[in-house]
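Working notes for the structure below.
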Amino acid sequence: MKVRTRFAPSPTGFLHIGGARTALFSWAYARRHGGVFILRVEDTDVARSTPAAVQAILDGMQWLGLAHDEGPFYQMQRMERYKEVIAGMLAAGSAYYCYTSKDELDQLRAAQEARKEKPRYDGRWRPESGKILPAPPAGVAPVVRFCNPVDGVVSWDDQVKGRIEFANVELDDFIIARGDGTPTYNFCVVVDDVDMGITHVIRGDDHVNNTPRQINLLHALQAPVPHYAHLSMILGDDGQKLSKRHGAVSVMQYHEDGYLPEAVLNYLARLGWSHGDDEVFDMNQFVAWFDLNHITASAAQFNTEKLNWLNAHYIRQADLSRLAADVASRLAVRDVATVAGPDLERVIALYRERAGNLNELADAVHPFYAMVTPSAELREQHLTPSACAALAALQDHFAGCPWQAAELGQAVKQTAAEQGLKMPQVAIPLRVALLGLPQSPAIDAVLEVMGRERVAERLSRILAV
RNA sequence: GACCCUAUCGUCUAGAGGCCUAGGACAAUACCCUUUCACGGUAUGAACCGGGGUUCGAAUCCCCGUGGGGUCGCCA
């Protein structure tokens, strides 16, 4: 049977890191088995769903490169189908109308909690043989409830957690359609999964408790039960639960923060899944390796430092043209143009191995394209009279020097020797003069890439002060 | 509170009863490389939650504690 998986976010906010991992695993599983990956938008909560959130999710998926094969499907567009199934269940007796008001429900819940019982619907409107139902109260729009089995157990072999069992007595007759006739989540999910032929439901841990209800519903509809794989949650860097107000950020924020999607993907793949000791791999490799039985059953804490390491790794691997395009746009945001300056790809080649993210790379490269003014502190510390004398001597050496790293390095060395200084005593003031910073890549490479005119201009400007 | 899940270095993890003197990676520390800062290399420290079983043998299986998490909506 062909594998069919789905990612089913509700559009009430951005795509965050936990959702992204769920999507990644669902996507990878389908790809691994030559199956189909479906995107389904669960927008039945009209009050909280927004088009902007739908777009944010689509953007996040696209940035990560998690392409769906079918969809996106929108539940709001499937109302007729849900109503049809509900009518069928009502007719078949596997669902019934319930006229209990919200107030009555609140009272019931309060009473149960007072008795330290698990709050649940008491089945007062459930038709049973020999039971006389009260007359439906006037003016109450009934909800539709599912006739959950009253005894026995529901169980399944969770692909990550192993066998899980629930006693049916723990489950109540949950609502499948609201008073206004619109269907609710557990019901829509089941109908959609059946209609879309989903074979593997890969989703967050928080759905474990919905699963027995959904399986019972599946039985009532005489539909096959898919395989389930419940992914445990991702905790924040501090071990705390990730939430909108605590640490949960949009995957697009990672883009903003200078992360490469392949780094985020590689990190996420490794968070809660493993393939022996392998740490660094691309998505082709991941898809070839991915399986459900190497997923960790317990929650994982997000570790930004490891993500940073992977990001630095991928920055070192990336095509220079891609990095240049990205960095140029980050600099453009700061009103720094790169077209007139030194070749951006060559500058990036010099700096990429010391950047943890693309914003740092942009920072590092920035001085090549904008006026440099070393801080007073740096001037005082490094641009001493003897250093300035050396820089002046350098100007002369540079004038007749072929503009090649080897010769330029030689010129710096020679100047140092002539001035009776050690190499760093010339190289560091030179860095401060050219870049406004005491550290840089190899000074000869910096000189070469910066170019004769720019170096001359910056040196004379510094020495003129 | 009830139900369900879970537990290996600070963190992510390897580990399917003997291969474990518990491995790798991030982070940390030290050293090497080096004209600076990085990169890279080498090395070091660092863990099987506790208690009972089962077994010739348990990080691995079972039970009980304890810790952590999830769920108990006419939200998804």
Side-chain angles (χ1 to χ4, degrees), chain A residues 8-12 42-45 47-49 75 98 100-102 105-106 109 112-120 141-145 158 160-162 164-167 169-172 174-186 188-189 204-212 230 232-233 235 237 239 241 267 270-280 293-294 296-310 312-313 316 350-356 364 382 409 412-413 416 422-428 430-432 437-444:
Chain A
S10 61
T12 55
E42 310 216 321
D43 54 356
T44 52
D45 185 354
R48 294 196 304 151
S49 297
Q75 290 187 323
C98 166
T100 314
S101 69
K102 290 184 189 182
L105 248 21
D106 286 344
R109 236 190 309 273
Q112 285 166 330
E113 273 166 18
R115 274 177 271 137
K116 303 221 184 273
E117 288 170 13
K118 183 172 182 167
R120 49 150 82 75
V143 300
V144 179
R145 286 185 183 270
D158 196 275
V160 352
K161 292 179 186 285
I164 300 181
E165 281 190 0
F166 280 82
V169 288
E170 295 294 334
L171 276 23
D172 62 2
F174 61 97
I175 292 170
I176 60 176
R178 305 179 178 93
D180 65 4
T182 59
T184 59
Y185 169 77
N186 276 113
C188 296
V189 167
D205 216 348
D206 47 339
H207 290 288
V208 166
N209 292 276
N210 291 325
T211 307
H230 287 99
S232 52
M233 61 182 317
L235 272 21
D237 241 332
K241 183 190 168 186
Y267 179 73
R270 201 57 195 67
L271 192 64
W273 176 85
S274 62
H275 184 267
D277 289 337
D278 294 303
E279 296 284 353
V280 181
N293 38 3
H294 287 86
T296 313
S298 55
Q301 191 171 317
F302 194 89
N303 186 213
T304 304
E305 287 183 325
K306 191 163 181 178
L307 205 212
N308 290 344
W309 170 73
L310 274 170
H313 168 82
R316 277 178 249 132
L350 247 35
Y351 279 91
R352 69 196 315 191
E353 30 180 69
R354 57 207 75 204
H382 297 289
V412 177
K413 269 190 187 127
K422 294 201 184 324
M423 189 63 179
Q425 293 176 293
V426 179
I428 294 182
L430 183 54
R431 289 185 168 95
V432 170
L437 295 167
Q439 313 92 25
S440 80
I443 192 65
D444 51 358

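Keep in mind that what you see is a predicted model, and the values were worked out from it rather than measured. Here is the naming used below: chain letters follow the sequence lines, and residue numbers restart at 1 for every chain.
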Among the nucleotides B:C74, B:A25, B:C37, whichever has the atom closest to the side chain of A:Glu279 is B:A25
Looking across every strand, which nucleic acid part, if any, lies under 4.0 Å from A:Pro119 by heavy atom: base, sugar-phosphate, or nothing?
base
Rounding to 0.5 Å, atoms CD1 (A:Ile175) and OG1 (A:Thr184) come to a distance of 7.5 Å
Using atom C1' of each nucleotide, how far apart are B:G68 and B:C26 to the nearest Å?
23 Å
Could you tell me whether A:Gly204 contacts a base, only the sugar-phosphate backbone, or nothing, with contacts defined as non-hydrogen atoms closer than 4.0 Å?
nothing
How far does CG of A:Leu171 sit from CG of A:Asn209, to the nearest 0.5 angstrom?
9.0 Å
Would you indicate what A:Lys306 reaches in the nucleic acid, counting non-hydrogen atoms under 4.0 angstrom: base, sugar-phosphate, or nothing?
base
Watson-Crick/G-U partner (both atom distances under 3.5 Å) of B:C9
none
How would you label the contact of A:Phe166 with the nucleic acid (heavy atoms, under 4.0 Å): base, sugar-phosphate, or nothing?
sugar-phosphate
What closest approach, in Å, do A:Arg145 and A:Cys98 show between heavy atoms, and which atom pair accounts for it?
NE-SG, 3.3 Å
Shortest non-hydrogen contact from A:Gly179 toward A:Ala141:
O-CB, 3.6 Å
Out of B:U11, B:A25, B:C72, whichever nucleotide has its closest atom nearest the side chain of A:Trp309:
B:A25
Any-strand Watson-Crick or G-U partner of B:C72, both distances under 3.5 Å:
B:G1
Do you know the tightest heavy-atom contact between A:Pro438 and A:Arg431?
O-CD, 3.3 Å
Under 4.0 angstrom, heavy atoms only, what part of the nucleic acid is A:Glu165 near: base, sugar-phosphate, or nothing?
sugar-phosphate
For A:Lys161, answer base if it contacts any base atom (sugar-phosphate contacts may also be present), sugar-phosphate if it contacts only those atoms, and nothing otherwise; contact means non-hydrogen atoms under 4.0 Å.
sugar-phosphate
Counting the atoms with a prime plus P, OP1 and OP2 as sugar-phosphate, which does A:Gln301 contact under 4.0 Å by heavy atoms, base, sugar-phosphate, or nothing?
sugar-phosphate
Looking only at atom P, what distance separates B:A46 and B:G65, rounded to whole Å?
34 Å
Do A:Phe302 and A:Leu307 touch side chain to side chain, with heavy atoms closer than 4.5 Å?
yes
Would you call A:Asp205 and A:Lys161 a salt bridge, using N to O less than 4.0 angstrom?
yes
Measuring only the P atom in each nucleotide, how far is B:C12 from B:G69? A whole number of Å is fine.
14 Å
At less than 4.0 Å, is any side-chain N or O atom of A:Arg316 found next to OP1 or OP2 of B:C39? Yes or no.
no
Minimum heavy-atom separation for A:Asn210 and A:Asp206, please, with both atom names.
ND2-O, 4.3 Å
Spacing of CG belonging to A:Leu310 relative to CD belonging to A:Glu279, to within rounding of 0.5 Å
7.5 Å
Please classify the nucleic acid contact of A:Asp444 as base, sugar-phosphate, or nothing, using heavy-atom distances under 4.0 Å.
base
Could you state the atom-to-atom distance from CG of A:Asp205 to P of B:U71 in whole Å?
9 Å
Only pairs with both distances under 3.5 Å count, Watson-Crick or wobble alike; so what is the partner of B:U54 in this structure?
none
Using the side-chain heavy atoms of A:Arg109, tell me which of these nucleotides is nearest: B:C12, B:G73, B:A76.
B:G73
Using the 3.5 Å cut-off, write out each protein N or O paired with an N or O of nucleotides 58-61 of chain B and the distance between them.
none

Sugar-phosphate, base or nothing in reach of A:Ile443, heavy atoms under 4.0 Å:
base
Please name the nucleotide paired to B:U44 by Watson-Crick or G-U wobble geometry with both distances under 3.5 Å, or report none.
B:A28
Give one of base, sugar-phosphate or nothing for A:Asn210, where a contact means two heavy atoms less than 4.0 Å apart.
base
Heavy-atom nearest nucleotide on RNA chain B for A:Arg354 versus A:Glu305: which residue maps closer to 5'?
A:Glu305
Should A:Lys413 and A:Met423 count as side-chain neighbours, where that means a heavy-atom distance under 4.5 Å?
yes
Does A:Ser274 reach a base, just sugar-phosphate, or nothing at all? Heavy atoms under 4.0 Å.
sugar-phosphate
Under a 3.5 Å limit for both distances, which nucleotide forms a Watson-Crick or G-U wobble pair with B:A38, could you say?
none
Pairing nucleotide - B:A22, Watson-Crick or G-U, each distance under 3.5 Å:
none
Establish, with yes or no, whether the OP1 or OP2 oxygen of B:A76 is under 4.0 angstrom from a side-chain nitrogen or oxygen of A:Thr44.
yes
Would you please confirm or rule out a distance under 4.0 Å between OP1 or OP2 of B:U13 and any side-chain N or O of A:Thr296?
yes
For the side chain of A:Asp206, starting at C-beta, report the closest nucleotide among B:U35, B:G70, B:C3.
B:G70
Sugar-phosphate, base or nothing in reach of A:Thr100, heavy atoms under 4.0 Å:
base
Among the nucleotides B:C12, B:A16, B:C72, which one has an atom lying closest to any side-chain atom of A:Ala300?
B:C12
Could you work out the separation of B:C61 and B:U55 based on their C1' atoms and round it to a whole Å?
10 Å
B:G45 versus B:C49 - spacing of their C1' atoms, nearest Å:
22 Å
What's the separation between atom CZ in A:Arg109 and atom NZ in A:Lys102, rounded to the nearest 0.5 Å?
10.5 Å
Contact class for A:Ala355 (heavy atom, under 4.0 Å): base, sugar-phosphate, or nothing?
nothing
What's the gap between B:C5 and B:C20 when it is taken at their C1' atoms, as a whole Å value?
28 Å
B:A25 versus B:C64 - spacing of their P atoms, nearest Å
39 Å
I'd like the C1' distance from B:A47 over to B:U21, given in whole Å.
15 Å
Between B:U13 atom P and A:Tyr267 atom OH, what is the distance in whole Å?
8 Å
Using a heavy-atom cut-off of under 4.0 Å over every strand shown, decide if A:His275 touches base, sugar-phosphate, or nothing.
nothing
Can a side chain N or O of A:Thr184 be found less than 4.0 Å away from OP1 or OP2 on B:C74?
no
